[in-house]
Amino acid sequence: MQTSIVMVIFFILLLIVSIWKIYAFLPNRQLEDDDTTKESQETLRALMIKVMKENGNHVENRELFELMINDAEFNKERFWRFNQNKLNHLLSNYRQETQR
């Protein structure tokens with residue numbers, strides 16, 4: 001066999017292997033504890049509004065965070081990444097939407 005044919009065969013084989021390796025590392029399904037989806041954000045927003053109504057709308061951010069994570073409806077397995085910064089982002093989006 002000629003060298004060029006052998007090189008083309010190896011190129012095609014290695015190309016197939018590399019494409020398979022890239023495909024293997026791409027996310028194929030949504031994780032159960034993914035809290036970045038729209039549904040998860042809506043759940044957190046509804047919980048935030050509920051806690052704010054129960055404790056007054058002028059609750060400080062840190063206190064609101066503690067009340068939310070201690071609420072019975074808060075799913076600790078699903079929202080294990082929820083922190084003060086995510087609450088601040090959620091509050092910012094909520095305030096922007098209510099001021100329109």
Side-chain angles (χ1 to χ4, degrees):
M1 283 182 27
Q2 291 181 345
T3 306
S4 61
I5 294 175
V6 172
M7 288 176 63
V8 168
I9 291 172
F10 274 113
F11 175 77
I12 292 173
L13 288 174
L14 291 174
L15 181 66
I16 291 171
V17 168
S18 63
I19 290 173
W20 175 79
K21 286 178 81 174
I22 290 171
Y23 174 76
F25 285 104
L26 292 176
N28 296 328
R29 59 181 173 86
Q30 183 177 335
L31 299 174
E32 293 177 10
D33 64 346
D34 186 9
D35 61 350
T36 59
T37 62
K38 185 174 180 173
E39 294 82 18
S40 296
Q41 294 299 312
E42 290 298 321
T43 303
L44 281 173
R45 181 181 170 158
L47 178 63
M48 178 187 70
I49 293 170
K50 179 191 133 208
V51 169
M52 286 172 58
K53 285 181 180 178
E54 289 175 354
N55 297 290
N57 286 337
H58 302 291
V59 180
E60 293 183 19
N61 291 359
R62 184 71 186 155
E63 184 181 357
L64 179 61
F65 175 72
E66 293 295 327
L67 290 169
M68 282 181 68
I69 62 173
N70 292 327
D71 193 270
E73 292 181 22
F74 186 78
N75 186 344
K76 292 184 180 183
E77 286 82 30
R78 183 174 182 190
F79 300 115
W80 65 273
R81 292 182 207 91
F82 185 69
N83 57 25
Q84 184 71 43
N85 189 35
K86 289 192 179 195
L87 175 63
N88 292 340
H89 186 70
L90 196 64
L91 277 168
S92 174
N93 289 341
Y94 174 70
R95 288 180 183 141
Q96 286 178 356
E97 290 179 11
T98 56
Q99 290 178 355
R100 290 182 188 173

Taking NZ, NE, NH1 and NH2 as the nitrogens, is one of them in Glu66 or Arg62 under 4.0 Å from a carboxylate oxygen of the other? yes

Would you compute the distance between atom CG of Leu44 and atom CZ of Phe82 and round it to the nearest 0.5 angstrom? 5.5 Å

Any side-chain heavy atom of Leu91 within less than 4.5 Å of one from Leu64? yes

Leu14 CG to Lys21 NZ distance, which is reported to the nearest 0.5 Å: 10.5 Å

Answer yes or no: does atom CD of Glu97 have more than 12 heavy-atom neighbours from other residues, nucleotides or ligands under 6.0 Å? yes

Any side-chain to backbone donor/acceptor pair from Ser92 onto Asn88? Under 3.5 Å, distance only. no

Grouping I, L, V, M, F, W and Y whenever their side-chain heavy atoms are under 4.5 Å apart, do Ile5 and Val8 come out in a common cluster? no

Evaluate Thr43 against Ser40 for side-chain contact (heavy atoms from CB on, under 4.5 Å), listing each step before the verdict. CA-CA 5 Å; Thr43 303; Ser40 296; 5.5 Å; no

Establish whether Val6 and Leu13 are linked, either directly or via other cluster members, by ILVMFWY side-chain heavy-atom contacts under 4.5 Å. yes

Asp71 side chain near Lys50 side chain, heavy-atom distance below 4.5 Å: yes

NE2 of His89 to CD of Gln84, rounded to nearest 0.5 Å, is 14.0 Å

To the nearest 0.5 Å, atom CG of Leu87 lies from atom CE of Met48 at 7.0 Å

Point-to-point distance, once rounded to the nearest 0.5 Å, from CG of Leu67 to CD of Glu54: 9.0 Å

Are side-chain heavy atoms of Met68 and Phe79 found at a separation under 4.5 Å? no

Could you state the interatomic distance from CG (Leu90) to CZ (Arg95), rounded to the nearest 0.5 Å? 10.5 Å

Heavy atoms only: give me the nearest Val59-Gly56 pair and the separation to one decimal. CG2-O, 2.8 Å

Would a single hydrophobic cluster contain both Ile19 and Phe10, if residues Ile, Leu, Val, Met, Phe, Trp and Tyr are joined by side-chain heavy-atom contacts under 4.5 Å? no

